Amino acid sequence: MPAFSAVHTGVAAGALDWTVRSLRKRGKTGDPVLQDVIGECRILLESSRALIHRQAEDVMSRRLFTGDVQDEVARCSVVKYVAANNAVQVMQRLVDVLGGMSYTKKLPFERMWRDVQASTFMPMGNLATRRLVGAHVLGVRTLPEIGPGETGPDSRAKA
């Protein structure tokens, strides 16, 4: 899930950069409505990046691995959920700005838009994430508990 978070955030960031270059070329940077959209997109991307960086720090410091499996999967899925949905929202706002250009197969934006649309159903999809996080918050076990030092086919390695 962390990889999906980074990939979809990166694609949306690339689409934002491409859109900004396009707007500059066309002399549209002075439009306050467009400035608002571009500002909103940057804010969405920065919030995703902040969560991704925090998750990377939690992995590097091993803080992510202090809970049980359900806690860890829920924490990872929240980051992926926010990043995926923010990326979709960024792309939709950019489509509002670009209009018909966003459908042109000759331009890179069309592929970026299409690719990001898959982010909400890639593992772990939106519905599964909301259910897991909700169950976890409510104290309902949905994933197996693995105790420290347990081994076997259903356990995970704790290096």
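No experiment lies behind these values; they were computed from the predicted model shown. Each residue takes its place number in the sequence, starting with 1.
- With contacts defined as side-chain heavy-atom distances shorter than 4.5 Å, the pair L107/T104 qualifies.
- Residues passing the side chain to side chain donor-acceptor pair (under 3.5 Å) test with T29, sequence neighbours excluded: none.
- If you chain together hydrophobic residues whose side chains sit under 4.5 Å apart, L44 and V11 fall into the same group.
- The ring-ring contact (aromatic ring centres under 6.0 Å, His included) contacts involving residues 66-107 comprise Y103-W113, where partners must be two or more places apart or lie in separate chains.
- When the side chain to side chain donor-acceptor pair (under 3.5 Å) test is applied to Q55, no partner is found at least two apart in sequence or on another chain.
- No side-chain donor-acceptor contact under 3.5 Å links T9 to the backbone of A6.
- Atoms CD1 and CD1, on I43 and I38 in that order, are 11.5 Å from each other to the nearest 0.5 Å.
- Contacts classified as salt bridge (Lys or Arg N to Asp or Glu O under 4.0 Å) and involving residues 99-116 (residues at least two apart or in different chains) are given here: K105-E110, R111-D115.
- The two atoms that bring V116 and A12 nearest to each other are CG2-N, 4.3 Å, heavy atoms only.
- In plain terms, the two heavy atoms of S77 and A74 that are nearest each other are OG-O, 2.9 Å.
- Counting non-hydrogen atoms of other residues, nucleotides and ligands closer than 6.0 Å to CZ of R54 gives a total of 12 or fewer.
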Would you be so kind as to tabulate the donor-acceptor pairs closer than 3.5 Å made by side chains of residues 88-97, with sequence neighbours excluded?
residue : atom : partner : partner atom : Å
Q89     : NE2  : E40     : OE2          : 3.4
Q92     : NE2  : D96     : OD1          : 3.4
R93     : NE   : E40     : OE1          : 2.7
R93     : NH1  : D96     : OD2          : 3.3
R93     : NH2  : E40     : OE1          : 3.4

Practice prompt. Using the side-chain contact (heavy atoms from CB on, under 4.5 Å) rule, take S119 and N85 through it: C-alpha gap first, then chi angles, then the decisive distance, then the call.
Written response: CA-CA 8 Å; S119 66; N85 285 282; over 6 Å; no
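- The salt bridge (Lys or Arg N to Asp or Glu O under 4.0 Å) analysis of residues 19-30, with sequence neighbours excluded, yields no pairs.
- Closest approach of D68 and R141 over heavy atoms only: OD2-NH1, 2.6 Å.
- Applying the salt bridge (Lys or Arg N to Asp or Glu O under 4.0 Å) rule to pairs touching residues 73-91 yields D58-R75, D71-R75, sequence neighbours excluded.
- Screening residues 7-20 for salt bridge (Lys or Arg N to Asp or Glu O under 4.0 Å) gives no qualifying pairs among residues at least two apart or on separate chains.
- The hydrophobic cluster around M122 extends to F4, F121, counting ILVMFWY residues whose side-chain heavy atoms fall within less than 4.5 Å of a member.
- In the hydrophobic cluster analysis, where Ile, Leu, Val, Met, Phe, Trp and Tyr join through side-chain heavy atoms closer than 4.5 angstrom, V82 is grouped apart from L64.
- Considering OG1 of T19 and CG of L98, their distance stands at 4.0 Å, rounded to 0.5 Å.
- Contacts of S48 classified as side chain to side chain donor-acceptor pair (under 3.5 Å), with partners at least two apart in sequence or in another chain: N86.
- Hydrophobic clustering, with ILVMFWY side chains joined whenever heavy atoms are under 4.5 angstrom apart, keeps L132 apart from L138.
- Nearest heavy atoms, M124 versus V73: CE-CG1, 4.1 Å.
- Both M101 and V37 are members of a single hydrophobic cluster when ILVMFWY side chains are connected at heavy-atom separations under 4.5 Å.
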Worksheet entry | side-chain contact (heavy atoms from CB on, under 4.5 Å) assessment of E72 paired with F65 | CA-CA 7 Å; E72 294 163 9; F65 309 111; 4.1 Å; yes
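- Annotation: ring-ring contact (aromatic ring centres under 6.0 Å, His included) contacts involving residues 32-63, sequence neighbours excluded, are absent.
- A search for side chain to side chain contact (heavy atoms under 4.5 Å, CB included) contacts involving A13 returns L45, R49, not counting sequence neighbours.
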